[in-house]
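Just so it is clear, the structure is predicted and the values come from calculations on it, not from any experiment.
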Amino acid sequence: MMVVPSFIPCSIFDLDTECVSPLESEISVFRVLLFDKCPGGTGICKQIASLMPSVICRALERVEGCSCMMQDGCPSCVQTSNCAEYNGVLDKAGAIGILRALAKAFPSKD
């Protein structure tokens, strides 16, 4: 989400992601969900859809390249100020694993 504004004109506050609380007892399907926060949408997700392989690649480079040593990452790599769970469910190694799997499933053409 943090790298999307480097591809299209928008703010990271225009988008959100699903962040499942570890306190929820329901089992959810593994998925990555990025959505437009504006009711009715502004078209950001539609614009970024064809660029997702590049977005994933850039996000992976950002997280892997971050020199922080914290398990839950830092504001430069995985944390965000608009996380409803206060960044409590984030894990830098987990983010790298997910981004690597996505990069393999959706290879970038650049």
Side-chain angles (χ1 to χ4, degrees):
M1 181 171 75
M2 304 278 280
V3 299
V4 171
S6 65
F7 288 90
I8 61 169
C10 69
S11 162
I12 62 165
F13 300 107
D14 295 331
L15 299 166
D16 211 348
T17 60
E18 178 182 55
C19 191
V20 180
S21 169
L23 303 175
E24 291 181 18
S25 60
E26 293 182 31
I27 297 173
S28 63
V29 179
F30 174 75
R31 63 182 175 212
V32 176
L33 181 64
L34 178 69
F35 60 92
D36 190 326
K37 287 174 63 174
C38 180
T42 61
I44 294 171
C45 289
K46 188 173 186 175
Q47 290 177 52
I48 205 71
S50 64
L51 302 171
M52 281 311 289
S54 297
V55 171
I56 292 164
C57 183
R58 181 142 335 140
L60 179 58
E61 289 170 359
R62 183 179 189 147
V63 178
E64 286 183 324
C66 184
S67 61
C68 81
M69 303 302 255
M70 295 177 279
Q71 178 180 344
D72 55 350
C74 73
S76 293
C77 60
V78 297
Q79 294 182 1
T80 178
S81 61
N82 62 338
C83 178
E85 298 296 327
Y86 305 102
N87 297 306
V89 297
L90 302 180
D91 181 271
K92 185 175 179 178
I96 291 171
I98 291 168
L99 288 167
R100 284 180 180 167
L102 288 170
K104 192 178 283 188
F106 303 99
S108 178
K109 292 174 180 71
D110 347 300

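Ile96 and Met70 fall into different hydrophobic clusters, where Ile, Leu, Val, Met, Phe, Trp and Tyr side chains are chained together by heavy-atom contacts under 4.5 Å. Hydrophobic cluster membership is shared by Val63 and Phe106, with clusters built from Ile, Leu, Val, Met, Phe, Trp and Tyr side chains linked at under 4.5 angstrom.
Taken from CD1 in Ile98 to CD1 in Ile56, the straight-line distance is 11.5 Å, to the nearest 0.5 Å. Atom-to-atom distance recorded for Asp14:CG and Thr42:OG1 is 6.0 Å, nearest 0.5 angstrom.
Closest approach of Phe13 and Lys37 over heavy atoms only: O-CD, 3.4 Å. Between Val4 and Cys10, the closest heavy-atom pair is CG1-SG, 3.8 Å. Contact detail for Ala103 and Leu60: the closest heavy-atom pair is CB-CD2, 4.4 Å.
At least one side-chain heavy atom of Leu51 sits less than 4.5 Å from a side-chain heavy atom of Ile8.
A side-chain donor-acceptor contact under 3.5 Å links Lys92 to the backbone of Cys68. At distances below 3.5 Å, not a single donor-acceptor pair connects side-chain atoms of Asp36 with backbone N or O atoms of Cys45.
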